[in-house]
Amino acid sequence: MPSRSPSSAARATPSADFVVVANRLPVDRVVESDGQTGWRTSPGGLVSALEPVMRSNDGAWIGWHGNPDERLDAFTHNDLELVPVPLSAQEVQEYYEGFSNATLWPLYHDVIAPPEFHREWWEAYVAVNRRFADRAAEVAAEGAVVWVQDYQLQLVPRMLRESRPDLRIGFFLHIPFPPTELFSQIPWRRQLLEGLLGADLVGFQLPEAAANFVRLVRQRVGYKTQRDHITLPDGRQVRAKPFAISIDTAGFEELARQPATERRAAEIRENLGNPRQILLGVDRLDYTKGLGQRLRAFGELLSDGALDDNEAVFIQVATPSRERVDQYRLLRDDIDRLVGRINGESGHIGPQPVTYLHSSYPRTEMAALYRAADVMVVTPLRDGMNLVAKEFVACRVDGAGALVLSEFAGAADELKQAFLVNPYDINGMKSGMLAAMRSDKRELARRMRAMRKQVTEHDISAWADSFLTELRREV
Ligand code: ADQ
């Protein structure tokens, strides 16, 4: 249920033993039917994973509330202490859209798009990181655990340690951490490394990312390193380790098992004209996700005649994101054109080969889509993890369905029984999709069983527990 406007629950700055610091608060503003504004918890695994830890530890969550040029007091929502950090419209442009999403994001994703370097953006990034660190310093109780999230806040650990050496500070990077050759392009590379070194534990999705970080620290900062340990000149130890993020597996399974979900999945298939094969893609509209390559491969399977017109359809859900960043606007036009071309060339009357959807869906609809699909196609050019792949597997309570997965998604490390493809190799993707469509049921069930075991044993609460246990461990 949305809670009433923040003022009704506004309170003095809390004092918390467990503090999460993230770019966004885990709530979205909603306007109710009576015109009043309130808050609704945003969907997403991170908040549900951290909620129990927050409740049992007097937790607080620090983050931007999503509206520029507005100051808000701390407030509670569903018993969670939320501490808003204000951002001006110019800061949103320079710190968030600029340095975070047009410098760091492309650079950390293999420079798929060229990163832009602007000194004003960097200055805004420093100023905003300072504001988050100052707020965390006010909110954290003596000896508290503070967990800083993601690439927007890499300077916070050091800033916070300088003012609050009593704290235990963890940092987790949700996106890839690049190899030294790419990271070294950043004019402010040393400051970023030193920012992260303010933490006791720096977590990454994959072992290679942790190794990249340790190597960079040795080369660029000159500190002593031994495997995943870094020793600072004052003797303090920093650990860099992998923690592959996951999903609320049981929650997705439960949704997928509901009769209403099964009915909806059947209805989706029927609306598409009962094709033999439904292929599905679900992504934020982002150039890292490899949407163009994937659709091109599918289009060629149709135009080559490898697939009959009525044999297979592709549902691509692509939620627009970061629409004020130029590269995202260009991508949207490209994909619109590509979908139009594939559908235009199909030359038959009836359901179109590609159903292209921009909407955001509730979890129940996502579960129905995952259950309706025969082949889930997840082909990012680079992805820290990719939760969609894991959600699909969790929803296949029927043991059916095939996953085509890019080697360059973090999830490929765990979901080894997927049909693994190189998204830059269009012929390889065509063969991967065909193999997934043509495999017999027993082969698919064998693969799915192994993948389901992986996501069941490694869910999001196991991820949060292992990070926090490692963070609290004395070294
Ligand atoms: P993202 O790049 O956003 O995350 P991903 O891991 O796939 O990518 O998560 C997307 C989430 O949004 C999924 O939970 C999915 O269900 C949901 N979603 C997508 N489209 C939707 C729609 N139309 N309607 C409703 N929900 C939708 C970043 C990194 C990833 C990393 C995660 C977590 O880029 O590599 O896995 O953080 O660390």
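Just so you know, ligand 1 is whichever comes first in the structure, and atom 1 is the first atom listed for that ligand. Residue numbers count from 1 along this sequence.
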Heavy-atom contacts under 4.0 Å between [X] and ligand 1: side chain, backbone, both, or neither?
X	result
Y370	side chain
T319	side chain
M366	side chain

Quick one: does [X] get a heavy atom under 4.0 Å from ligand 1?
X	value
K289	yes
F392	no
S359	yes
Y151	no
E365	no

**Item:** Note: D200-R239 ion pair, threshold 4.0 Å (strictly below)
**Value:** no

**Request:** State plainly whether the residues E300 and K430 are in salt-bridge range, i.e. N to O under 4.0 Å.
**Result:** yes

Starting from [atom], locate the nearest protein heavy atom and write down its residue, its atom name and how far away it is, to 0.1 Å.
atom	value
atom 33 (C) of ligand 1	H174 ND1, 3.7 Å
atom 11 (C) of ligand 1	E391 OE2, 4.7 Å
atom 35 (O) of ligand 1	D383 OD1, 2.5 Å

**Prompt:** Aromatic ring centroids of Y95 and W121 under 6.0 Å?
**Reply:** no

**Message:** Using only atom types and a distance under 3.5 Å, with no angle test, would you say the side chain of R269 pairs donor to acceptor with the backbone of N274?
**Reply:** no

**V317 neighbourhood, listing ligand 1 atoms whose heavy-atom distance to it stays under 4.0 Å** = 23 (N)

**Request:** Could you tell me whether R227 atom CZ has more than 12 heavy atoms of other residues or ligands within 6.0 Å of it?
**Result:**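 No, not enclosed.
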
**Message:** Tell me whether R329 at atom CZ has more than 12 heavy atoms from other residues, nucleotides or ligands lying less than 6.0 Å away.
**Reply:** yes

**Prompt:** Does the side chain of E51 come under 3.5 Å of the side chain of N78 through a donor N or O and an acceptor N or O?
**Reply:**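 No, no side-chain donor-acceptor pair sits under 3.5 Å.
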
